[in-house]
Amino acid sequence: MTPARLVVLVSGAGSNLQALLDACRTNDYGAEVVAVGADRDGTGGVERAQSAGLPAFVERIRDHAERDSWDAALTKSVAAYDPDLVVSAGFMKLLGPRFLDRFPVVNTHPALLPAFPGAHAVREALAYGVRLTGCTVHLVDSGVDTGPIIAQRAVEVADGDDEGALHERIKTVERTLLVDVVGRMARDGWTLNGRKVRIGR
Ligand code: GRF
């Protein structure tokens, strides 16, 4: 079987990217990371890509007069690698309409959507006082973390958790979930019916 081609988008440390890179090295995972893109310079994610000998690129919004031209540039950069699936793994920008028309995109989010969408999900879940939070892997649409949910896992909030400690525990679960979901999508394909995502043929 030809492995599915993944382009992974990152904004930060890239531990989710690393989990995917490690999984892709195992037999029969069914996918390979062909390139990594970032929205800013100096990300750990791009360093990890370079260490793995993979091509990496940066498309910064601030280099464009309008968001639409950033959307076009990012679409072009990613299209050059002809991905079957784009994985947004800690990518902190809303993808544009051109990009989303062209590629299927999966995102990982550190909360149980639809609770706590947006960039401060862990902080907001803690501040709200929830006892259970977790992570969500979902297809990306034009909203903020509103796309169809593929899979979720729960993580308990511990007494005395701060944002950093809770986020690290969520990320441990998140990496495993992302690797599992992306691998199954790559090997088995998926269908979307309304908001219901079904992995399998
Ligand atoms: C993840 O928790 C992701 O859901 C969130 O940012 C974190 C990225 O972590 N948006 P990393 O860069 O993959 O280590």
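Remember, it's a predicted structure, so these values are computed and weren't measured experimentally. Counting starts at 1 for both ligands and their atoms, in listed order.
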Please list, in number order, the atoms of ligand 1 under 4.0 Å from a heavy atom of [X].
X      : result
Ser15  : 11 (P), 12 (O), 13 (O), 14 (O)
His167 : 1 (C), 2 (O), 7 (C)
Ala13  : 12 (O), 14 (O)
Lys171 : 2 (O), 9 (O), 11 (P), 14 (O)

Heavy atoms only: which of His109, Glu174, Glu168 is nearest to atom 1 (C) of ligand 1? Glu174

Asn16, Asn107, Thr43: member with heavy atom nearest to atom 13 (O) of ligand 1: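 Among Asn16, Asn107, Thr43, the closest heavy atom to atom 13 (O) of ligand 1 comes from Asn16.
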
If you have a sec, work out which protein heavy atom is nearest atom 6 (O) of ligand 1 and how many Å separate them, to one decimal? Gly90 CA, 3.9 Å

Applying a strict 4.0 Å limit to heavy atoms, is Met92 in contact with ligand 1? yes

Does Val10 reach ligand 1, in the sense of a heavy atom lying below 4.0 Å from it? no

Identified side-chain contact (heavy atoms from CB on, under 4.5 Å) partner of Arg175 from the options Asn16, Leu17, Thr108: Asn16

Among Leu6, Val8, Val105, which one satisfies side-chain contact (heavy atoms from CB on, under 4.5 Å) with Leu85?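 Answer to the side-chain contact (heavy atoms from CB on, under 4.5 Å) test with Leu85 among Leu6, Val8, Val105: Leu6.
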
Any salt bridge linking Asp188 with Arg198? Criterion: basic side-chain nitrogen under 4.0 Å from a carboxylate oxygen.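 Between Arg198 and Asp188 there is no salt bridge, as every charged N stays at least 4.0 Å from the carboxylate O atoms.
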
Using the rule given for side-chain contact (heavy atoms from CB on, under 4.5 Å), can you reason through Thr26 versus Asp22, listing the C-alpha separation, both sets of side-chain angles and the distance that settles it, and then say yes or no? CA-CA 7 Å; Thr26 62; Asp22 295 346; over 6 Å; no

Quick one: does any side-chain atom of Arg48 pair with a main-chain N or O of Gly14 as donor and acceptor, under 3.5 Å?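 Present.
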
Between Thr136 (side chain only) and Gln152 (backbone N and O only), is there a donor and an acceptor less than 3.5 Å apart?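 No, the answer is negative, given that no donor and acceptor are paired below the 3.5 Å cut-off.
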
Looking only at distances, can you tell me whether any N or O atom of Gly14, backbone or side chain, sits closer than 3.5 Å to an N or O atom of ligand 1?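 Among all N and O atoms of Gly14, at least one is under 3.5 Å from an N or O of ligand 1.
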
Return yes or no for this condition: an N or O of Gly12 is under 3.5 Å from an N or O of ligand 1.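 By distance alone, the answer is no.
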
Would Leu74 and Leu95 count as a side-chain contact (heavy atoms from CB on, under 4.5 Å) here? Give the steps. CA-CA 9 Å; Leu74 186 66; Leu95 292 162; 3.6 Å; yes

Do other residues, nucleotides or ligands put more than 12 heavy atoms under 6.0 Å from the CD atom of Glu163? yes

